Enquirer: 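Before we start, here is the structure in question, set down as structure tokens.
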Amino acid sequence: MTPFYSHSVVAARGNLLRLVRELESALTEGLHERMQVPLREVVSREQPRAAFLSMPAVSEHFGLYLNKVATIFERSATDPLPTVNAVVTAFSTRTGELLAMLDGAAVTNLKCAAVSALVTDRCARADARVLAIAGTGVQARQQAVSVCAVRPIQEMRLWARNASRCAAFASELRESLGQDVRIITCDTLDEAVRTADVIGTATASKSPLGRFADLSPTVHLNCMGGHTTEAREVPLELLRTSTLIVEDLATAVAEAGPVHASALSLGQLVRTERETLRAGRTIFSSTGHAFLDVITTAHLLRELEHHRD
């Protein structure tokens with residue numbers, strides 16, 4: 001029987017910093033450029049609003065053919081069902097056998113945390129101490145984990161449109177982080193981001209969350225929410241006047257618009273001097289890419305095999 005790895009198993013086996021090192025090594029070696037990754041297929045529906053996705057990728061180096069299939073449903077704040085449901089199927093390119101099926105949300109969450117940590121480590125100042133987070137969902141939690149893994153964060157400012165969820169998120173972080181990090185809830189986004197060293201946005205907003213006024217000139221932003229030509233979490237002018245980083249240039253331009261045409265891909269990012277990146281404002285404008293799923297899945301399969309041994 002083909003093993004199915006649930007969220008709890010995948011999350012428990014994934015070592016974040018080890019995956020970050022593997023991502024950086026793969027990008028430096030150009031392994032992502034040797035994968036076959038067609039543009040994802042998306043079937044959209046307006047009423048009720050939903051999207052159905054298929055994201056295939058083939059890597060002879062890793063010996064993997066995988067496809068992440070997912071549904072994205074617009075949910076109300078009181079709906080207990082998850083917004084995203086996904087499964088990753090992993091096949092061997094050498095034998096054709098089905099190796100495993102993995103919980104797609106867990107793979108995605110680990111991948112997003114790892115790539116956020118990688119980009120933050122290269123772009124944020126080494127002495128970054130203040131992190132601002134917009135949102136209270138899974139990706140907001142990944143921002144807290146990923147940034148704290150690579151920077152000595154001492155103050156975390158939280159903002160969300162739902163004040164009660166923001167307060168609950170703050171309590172959760174205080175319990176997990178203890179006294180080492182000061183957790184503050186803010187009434188407005190601009191209060192949260194003002195002079196922050198690192199900002200993470202992780203919302204489903206279709207329009208800019210705020211003015212993003214009084215930003216530090218060397219701030220780094222991880223924008224993990226929706227990025228399309230019609231929906232953006234940050235003002236278009238902020239994107240135009242910052243150094244943009246994307247997973248894959250062709251995907252970013254096709255899905256999020258020509259403002260990304262001069263962005264650095266992750267492959268270019270790892271070849272750019274850190275001092276150059278840290279001297280100005282940088283934004284990781286994430287649209288996702290299946291090559292990251294391949295590297296993350298290969299990492300997880302090794303971890304799970306090691307655990308079985």
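The figures here come from the full heavy-atom set of this structure, side chains too, leaving out hydrogens, waters and symmetry mates. Because the structure is a prediction, the values reported are computed rather than measured.
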Enquirer: Determine yes or no for a side-chain-to-main-chain donor-acceptor pair under 3.5 angstrom, with R157 supplying the side chain and R194 the backbone.
Expert: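 At least one qualifying donor-acceptor pair exists.
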Enquirer: What is the distance from atom OG of S44 to atom CG of L53, rounded to the nearest 0.5 Å?
Expert: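 That separation rounds to 8.0 Å.
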Enquirer: Counting distance only, does the side-chain N/O of E233 pair as donor-acceptor with the main-chain N or O of G225 below 3.5 Å?
Expert: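 Yes; at least one donor-acceptor contact below 3.5 Å.
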Enquirer: Are the side chains of L277 and L269 in touch, meaning some heavy atoms are under 4.5 Å apart?
Expert: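 Side-chain contact under 4.5 Å: yes.
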Enquirer: In Å and rounded to the nearest 0.5 Å, what is the CZ to OG distance from R34 to S59?
Expert: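 Rounded to the nearest 0.5 Å, the CZ-OG separation comes to 8.5 Å.
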Enquirer: Give the intermediate values and the outcome of side chain to side chain contact (heavy atoms under 4.5 Å, CB included) for residues V219 and F212.
Expert: CA-CA 11 Å; V219 66; F212 287 83; over 6 Å; no
Enquirer: Where the side chain of R122 meets the backbone of L118, is there a donor-acceptor pair that is under 3.5 Å apart?
Expert: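 No, because the side chain of R122 does not come within donor-acceptor range (under 3.5 Å) of the backbone of L118.
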Enquirer: Nearest 0.5 angstrom please: W159 CH2 to T185 OG1, how far?
Expert: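 Going from the CH2 atom of W159 to the OG1 atom of T185 covers 13.0 Å.
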Enquirer: Provide the closest heavy-atom pair for G288 versus T251 in the form atom of the first, atom of the second, distance.
Expert: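 Nearest pair, atom of G288 first, then T251: O-CG2, 4.0 Å.
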Enquirer: Is there side-chain contact between L266 and V115, with heavy atoms separated by less than 4.5 Å?
Expert: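 The answer is yes, as the side chains (C-beta and beyond) meet within the 4.5 Å cut-off.
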Enquirer: Just to verify, which of N67, L102, L99 counts as forming a side-chain contact (heavy atoms from CB on, under 4.5 Å) with T89?
Expert: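 Of all the options given, the one that passes is N67.
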Enquirer: Hey, mind stepping through L173 and L158 against side chain to side chain contact (heavy atoms under 4.5 Å, CB included) and telling me if it holds?
Expert: CA-CA 10 Å; L173 288 172; L158 309 179; 3.8 Å; yes
Enquirer: For the hydrophobic clusters of this structure (ILVMFWY residues joined by side-chain heavy atoms under 4.5 Å, transitively), does one cluster hold both M224 and V234?
Expert: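 Not linked; separate clusters.
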Enquirer: Locate the shortest heavy-atom distance separating R40 from T287; write the atom from each residue and the value.
Expert: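 That closest heavy-atom pairing would be NH2-O, 2.5 Å.
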Enquirer: Do the side chains of E74 and K206 get close enough for a salt bridge, i.e. N-O under 4.0 angstrom?
Expert: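 Here E74 pairs with K206 in a salt bridge, since their nearest N and O are under 4.0 Å apart.
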Enquirer: Tell me the closest heavy-atom pair linking A114 and L23, and the distance in Å.
Expert: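 Closest heavy-atom pair between A114 and L23: CB-CD1, 3.6 Å.
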Enquirer: In this structure, are over 12 heavy atoms from other groups packed under 6.0 Å from R211 atom CZ?
Expert: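 12 or below, so no.
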Enquirer: Parallel, tilted or perpendicular: which one describes the rings of F91 and Y65, with boundaries at 30° and 60°?
Expert: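 Plane angle under 30°, so parallel.
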Enquirer: Taking atom types as modelled and ignoring hydrogens, do the side chains of K68 and T297 form a donor-acceptor contact shorter than 3.5 angstrom?
Expert: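 On atom types as modelled, these side chains do not qualify, holding no pair under 3.5 Å.
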Enquirer: Do L300 and L66 belong together in a cluster built from hydrophobic side chains that touch within less than 4.5 Å?
Expert: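 Both belong to a single hydrophobic cluster.
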Enquirer: Of the non-hydrogen atoms in C223 and I283, which two are nearest, and what is the gap between them?
Expert: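 Looks like SG-CG2, 3.8 Å.
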Enquirer: Can you tell if the side chain of V193 reaches within under 4.5 Å of the side chain of L215, non-hydrogen atoms only?
Expert: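 They are in side-chain contact.
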Enquirer: Between A113 and S146, which heavy-atom pair has the shortest distance, and what is it?
Expert: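 Heavy-atom minimum between the residues: O-CB, 3.1 Å.
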Enquirer: Closer than 3.5 angstrom, by distance alone: can the side chain of R151 be matched with the main-chain N or O of D121 as a donor-acceptor pair?
Expert: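 Present.
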Enquirer: Can you tell me if R21 uses its side chain to pair, donor with acceptor, with the backbone of E24 under 3.5 Å?
Expert: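 Looks like no, no N/O pair under 3.5 Å.
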Enquirer: When rounded to the nearest 0.5 angstrom, what distance separates CD in E22 from CD1 in I295?
Expert: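 If we round to the nearest 0.5 Å, E22:CD and I295:CD1 are 9.0 Å apart.
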Enquirer: ring-ring contact (aromatic ring centres under 6.0 Å, His included) with F169: which residues, sequence neighbours excluded?
Expert: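 Listed in chain order: nothing, the list is empty.
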Enquirer: Give every donor-acceptor pair under 3.5 Å between a side-chain atom in residues 130-139 and any protein atom, sequence neighbours left out.
Expert:
residue	atom	partner	partner atom	Å
Q139	NE2	N109	OD1	3.2

Enquirer: So V84 and T108, side chain to side chain contact (heavy atoms under 4.5 Å, CB included) or not? Walk me through it.
Expert: CA-CA 10 Å; V84 179; T108 299; over 6 Å; no
Enquirer: For the residue pair C123 and I245, establish whether any side-chain heavy-atom pair is separated by less than 4.5 Å.
Expert: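 Sidechains of I245 and C123: in contact.
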Enquirer: Give the cluster check for F52 versus M55: same hydrophobic cluster or not, with ILVMFWY residues linked at side-chain heavy-atom distances below 4.5 Å.
Expert: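 Hydrophobic grouping puts F52 apart from M55.
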Enquirer: Can any side-chain N or O of R129 pair as donor or acceptor with the backbone N or O of D127 at less than 3.5 Å?
Expert: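 Answer holds: yes.
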Enquirer: Do C148 and M156 have side-chain heavy atoms sitting under 4.5 Å apart?
Expert: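 In short, these two side chains touch, coming nearer than 4.5 Å.
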Enquirer: What heavy-atom pair brings P56 and A290 nearest, and what distance separates the two atoms?
Expert: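 Heavy atoms of P56 and A290 come nearest at O-CB, 3.9 Å.
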Enquirer: Show, in sequence, the C-alpha distance, side-chain angles and deciding distance for T243 and T276, and conclude whether the side chain to side chain contact (heavy atoms under 4.5 Å, CB included) test is met.
Expert: CA-CA 10 Å; T243 297; T276 301; over 6 Å; no
Enquirer: Keeping R174 on the side-chain end and I183 on the backbone end, is there a donor-acceptor pair under 3.5 Å?
Expert: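 Such a contact is found between R174 side chain and I183 backbone.
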Enquirer: Counting only heavy atoms not in Q36, do more than 12 fall under 6.0 Å of its CD?
Expert: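 Incorrect, the count does not exceed 12.
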Enquirer: Just wondering, more than 12 heavy atoms not from E172 lying within 6.0 Å of its CD?
Expert: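 Counting neighbours around CD of E172, more than 12 heavy atoms of other residues, nucleotides or ligands fall under 6.0 Å, so yes.
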Enquirer: Under a 4.5 Å side-chain heavy-atom rule over Ile, Leu, Val, Met, Phe, Trp and Tyr, are L19 and L17 clustered together?
Expert: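 The answer is no; the residues belong to distinct hydrophobic clusters.
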Enquirer: With a 4.5 Å heavy-atom cut-off, do V294 and L31 have their side chains touching?
Expert: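 Side chain of V294 against side chain of L31, heavy atoms only: no contact under 4.5 Å found.
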Enquirer: Is the number of heavy atoms from other residues, nucleotides or ligands under 6.0 Å of R182 CZ greater than 12?
Expert: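 It does not: R182 CZ has 12 such atoms or fewer within range.
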Enquirer: Find the distance between NE2 (H32) and CG (L292) and round it off to the nearest 0.5 Å.
Expert: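 That separation rounds to 9.0 Å.
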Enquirer: Decide if atom CD of E175 counts as having more than 12 heavy atoms of other residues, nucleotides or ligands within a radius under 6.0 Å.
Expert: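 Result for CD/E175: open.
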Enquirer: Suppose we screen for ring-ring contact (aromatic ring centres under 6.0 Å, His included). Which residues come up paired with F62, at least two apart in sequence or across chains?
Expert: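 Once residues adjacent in sequence are excluded, F62 has no partner under the ring-ring contact (aromatic ring centres under 6.0 Å, His included) criterion.
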Enquirer: Is it true that E237 and R240 have a side-chain N and a carboxylate O under 4.0 angstrom from each other?
Expert: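 Yes.
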Enquirer: From the options L249, T282, L221, L239, select the one residue that forms a side-chain contact (heavy atoms from CB on, under 4.5 Å) with L244.
Expert: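 Output: one option passes, namely L239.
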Enquirer: Below 4.0 angstrom, N of the basic side chain to O of the carboxylate: do K111 and D293 qualify?
Expert: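 Yes, K111 and D293 are salt-bridged.
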Enquirer: Would you say L64 and L301 make side-chain contact, with heavy atoms under 4.5 Å?
Expert: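 In short, these two side chains touch, coming nearer than 4.5 Å.
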Enquirer: Hydrogens and angles aside, do E29 and S25 bring a side-chain donor and acceptor to less than 3.5 Å of each other?
Expert: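 A donor-acceptor contact under 3.5 Å links the two side chains.
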Enquirer: Tell me if a side-chain donor or acceptor on R281 pairs with a main-chain N or O of T241 at a distance below 3.5 Å.
Expert: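 Between the backbone of T241 and the side chain of R281 there is a qualifying donor-acceptor contact (under 3.5 Å).
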Enquirer: From L209 CG over to R232 CZ, what is the distance, rounded to the nearest 0.5 angstrom?
Expert: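 Rounded to the nearest 0.5 Å, the CG-CZ separation comes to 13.5 Å.
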